[in-house]
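In the text below, chain A, chain B and the rest are named by the order of the sequence lines, each starting its count at 1.
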Protein chains: 2
Amino acid sequence: MAEDVFKALADPTRRKILDELTERNGQTLFEICTRLTTKHGLGSSRQAISQHLAVLESAGLVVSRRQGRYKFHDLDTQPLERIVTRWLKPDAPEGTP
Amino acid sequence: MAEDVFKALADPTRRKILDELTERNGQTLFEICTRLTTKHGLGSSRQAISQHLAVLESAGLVVSRRQGRYKFHDLDTQPLERIVTRWLKPDAPEGTP
DNA sequence: TTGATAGGCAAGTCGTTACTTGCCTATGCT
DNA sequence: AGCATAGGCAAGTAACGACTTGCCTATCAA
C-alpha cells in the first residue's frame, strides 16, 4: 500500500539506505551497516538497520534474496513511481490523449 | 528541506488534504474540514486540520494567502517533483541525451 | 565438531507526534 | 456597539516509532 511506502520514506536513515542501494545494488546487511557508518557517517547498530530493511521490504521498496548465509538486498523503485503521480496528474507526461 | 516534505507526506490525513486541494485549489480551513468529513469520511477537528496545514506549509507543499478574515490554501507540487528524482535518476524520462 | 560469521526474534525504553481542550484575536455584518 | 464567523496559541495526553538489549538459529571454514 501507499501508506507503507510513505511511512518507509519518512525516516532519514531509511532514505540513506535507499541511497546506498542506488549506488551499489545487492548488498548484505553488514555491507550496508559498514558503508553507512564510513561513508555517510551515521552510527546505527546492526539491529537498527535490520529493522529498517524490514520496513523497506514490507513497503516493497527493497526485495531480498537469500543465498547461503548471505541475504542480498535489491532496490525496487516501482512503488515510488506510483505514489508520485498521485498529485502530479495534471502534468500529462507524454502519452496522454 | 526534503526531510520536512517526507515527514509531511507520512500522515494519511495530510495526504487527504493534498488530495482535496488537488481537486479544488484555494480552500479555507473550514472548507477543507467540511469536505474531508463529508467526502472522505474522516472526522478530524478544526484544530487538527489547522496543525496539519501548518506542517504542509512549512514543508512548502501548501502556500497560503490571507484575504480579510479568510485564509486560502494553495497546493504547490514543486517540492514533490524534487524529492522523487532522488532514486529515479537512471530513468532518463524523455528529453535526455 | 568447533568456532566464527551472517542474520533473526522479542521485550523494553525513550522520544516524537497527532490530537484534544480551553481560551484568545481579528474581521465582517447588522 | 454587539454578535457571529474564521482562525491562532499553548499546554496536556495518548499512542506510535526508532533504537537498544539479550539471546537464539543457520551456514561455512578449519
Round to a whole Å and report the spacing from [atom1] of [X] to [atom2] of [N].
X       : N      : atom1 : atom2 : answer
A:Gln67 : C:dG7  : CD    : C1'   : 15 Å
B:Gln51 : D:dA10 : CD    : C1'   : 10 Å
A:Arg46 : D:dT20 : CZ    : C1'   : 12 Å
A:Tyr70 : C:dG7  : OH    : P     : 8 Å
A:Phe72 : C:dT5  : CZ    : P     : 17 Å
B:Arg69 : D:dG7  : CZ    : P     : 9 Å
A:Gln47 : C:dC9  : CD    : C1'   : 11 Å
A:Leu53 : C:dC9  : CG    : C1'   : 16 Å

For [N], take OP1 and OP2 only and decide whether either is under 4.0 Å from a side-chain N or O of [X].
X       : N      : value
A:His52 : D:dG17 : no
B:Ser45 : C:dC19 : no
B:Lys71 : D:dG8  : yes

Tell me the closest heavy-atom pair linking [X] and [Y], and the distance in Å.
X       : Y       : answer
B:Leu61 : B:Pro79 : CD2-CB, 4.0 Å
B:Ala59 : B:Val5  : O-CG2, 3.6 Å
A:Asp19 : B:Arg86 : OD2-NH2, 2.6 Å
A:His73 : A:Ser64 : ND1-CB, 3.9 Å
B:Ser45 : B:Cys33 : O-SG, 4.3 Å
B:Ala2  : B:Ile83 : CB-CG2, 4.1 Å

Query raised in the report: Quick one: do A:Glu3 and A:Lys7 make a salt bridge, cutoff under 4.0 Å?
Result: yes
Query raised in the report: With a non-hydrogen cut-off below 4.0 angstrom, is B:Ser50 in contact with a base, only sugar-phosphate, or nothing?
Result: sugar-phosphate
Report summary line: Note: contacts of residues 1-21 of chain A with DNA chain C (heavy atom, under 4.0 Å) are none
Query raised in the report: Is there a residue in residues 23-42 of chain A whose heavy atoms reach under 4.0 Å of DNA chain C, and which residues are they?
Result: A:Thr28, A:Leu29, A:Phe30
Query raised in the report: Where the side chain of A:Thr85 meets the backbone of A:Leu88, is there a donor-acceptor pair that is under 3.5 Å apart?
Result: no
Query - Short side-chain to backbone donor-acceptor contact, A:Glu31 and A:Thr28, under 3.5 Å - result: yes
